[in-house]
Protein chains: 2
Amino acid sequence: MSPHPIPDELCCPAGSEPLDGVAATVESPEADAELAALAKALAHPVRVRIVRMLARREARMCSHIVDELPLAQSTVSEHLRVLKAAGLIVANESSPRVGYCIAPAALTRFKALLQAL
Amino acid sequence: MSPHPIPDELCCPAGSEPLDGVAATVESPEADAELAALAKALAHPVRVRIVRMLARREARMCSHIVDELPLAQSTVSEHLRVLKAAGLIVANESSPRVGYCIAPAALTRFKALLQAL
DNA sequence: CGTGTGTATCGTCAATCGACGATTGACGAT
DNA sequence: ATCGTCAATCGTCGATTGACGATACACACG
């Protein structure tokens with residue numbers, strides 16, 4: 001059997017749609033830095049892939065992603081760290097197996113900032 | 001007097017709205033690489049600022065941007081090169097007065113790729 | 001033809017990135 | 001208590017980035 005027996009529902013607070021990512025300024029030096037930081041987090045094909053996988057709920061754990069990609073576990077962990085640092089994903093630190101999922105608010109904010117260009 | 005006497009209408013074909021950036025695939029390994037490349041081009045506050053200035057038509061020439069930012073001319077030129085390589089901006093190569101402007105199609109494509117996440 | 005203006009390119013240098021293996025730490029299960 | 005699994009961290013290495021000054025280039029104008 002696979003050592004990763006498909007995770008149960010151990011993701012983020014489920015249907016949380018904060019929608020607060022549209023409140024802040026969209027044109028300012030701070031917005032420039034914010035957009036640049038978000039773009040930087042997505043500035044790698046592997047990270048785009050990871051975000052897509054998490055958005056589709058195709059994976060929740062680091063090991064799942066390692067299975068899908070031709071990369072070492074430490075490399076995947078580092079990409080997850082970058083995405084988490086940018087706020088694009090969040091981790092369930094409480095659960096046994098650390099479930100990752102996307103942060104809808106950050107993604108919404110990203111889209112809003114880009115749309116404003 | 002300013003050595004940059006405000007440029008005349010030396011921008012791109014003006015009201016060109018190709019809108020062809022929505023035709024290609026939005027979920028694929030190629031799309032991942034494409035989105036990552038576009039994000040990488042915007043992954044710097046200065047480049048975000050430059051794109052914003054060009055989108056607002058506040059500047060068209062490299063020298064205008066140099067006037068606005070605390071950066072050397074060669075640095076600004078390099079940022080412009082990165083943006084042009086990513087296809088986000090285009091240049092009127094006709095003269096020393098190179099007129100830069102945003103590439104609406106690339107920006108639209110960028111937005112479409114991000115929205116698909 | 002020389003001069004000034006506006007850009008691009010080159011070379012350099014410090015800093016950051018991306019990848020890896022190895023190690024460590026946390027749990028659950030045996 | 002030991003083992004196996006999952007993930008984070010550390011240290012390293014080569015490649016890339018970002019910044020700069022200096023230089024070279026293209027053209028308009030005198």
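The shown structure was predicted, so the numbers you read here are calculated from the model rather than taken from an experiment. Convention: sequence-line order gives letters A, B, ...; per-chain numbering from 1.
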Inset, instruction - Classify every nucleotide of nucleotides 14-24 of chain D by which part a protein heavy atom approaches to under 4.0 Å, writing B for the base, S for the sugar-phosphate alone and - for neither, in 5'-to-3' order. - result: ---SSSBBB--

Inset, instruction - For A/E30, check salt bridge (Lys or Arg N to Asp or Glu O under 4.0 Å) against everything at least two apart and list the hits. - result: none

Inset, instruction - Using the test side chain to side chain contact (heavy atoms under 4.5 Å, CB included), find all partners of A/A85 that sit at least two apart in sequence or belong to another chain. - result: none

Inset, instruction - Kindly write out the residues that satisfy side chain to side chain contact (heavy atoms under 4.5 Å, CB included) with A/K40, not counting sequence neighbours, or none if the list is empty. - result: B/A43

Legend entry - Any A/Y100 side-chain nitrogen or oxygen under 4.0 Å from OP1 or OP2 of D/dC6: no

Inset, instruction - Calculate the interatomic distance between A/R81 atom CZ and C/dC17 atom C1'; express it in whole Å. - result: 11 Å

Legend entry - Note, B/L69 side chain near B/R49 side chain (heavy atom, < 4.5 Å): yes

Inset, instruction - Whole angstrom is fine here: how far is it from CG in A/N92 over to C1' in D/dC6? - result: 15 Å

Legend entry - B/E34/B/R109 ion pair, N-O < 4.0 Å: yes

Legend entry - Minimum heavy-atom distance between A/R60 and A/L54, given as atom pair plus value: CA-CD2, 4.2 Å

Legend entry - Check ion pair A/R56-B/E27 (N to O, under 4.0 angstrom): yes

Inset, instruction - List in chain and number order the residues that pass salt bridge (Lys or Arg N to Asp or Glu O under 4.0 Å) with B/R81, two or more places apart in sequence or in another chain; answer none if no residue qualifies. - result: B/E78

Legend entry - A/H64 NE2 to D/dT5 P, straight-line distance once rounded to whole Å: 14 Å

Inset, instruction - Return one dot-bracket line describing DNA chain C 5' to 3' (Watson-Crick or G-U wobble pairs, both distances under 3.5 Å; ( ) same strand, [ ] crossing, | another strand, . none). - result: ||||||||||||||||||||||||||||||

Inset, instruction - Would you mind reading off the distance between A/I50 atom CD1 and C/dG18 atom C1', rounded to a whole angstrom? - result: 12 Å

Inset, instruction - In whole angstrom, give the distance that lies between atom CG of B/L80 and atom P of C/dT7. - result: 9 Å

Legend entry - Rounded distance in Å - CE (B/M61) to C1' (C/dA8): 15 Å

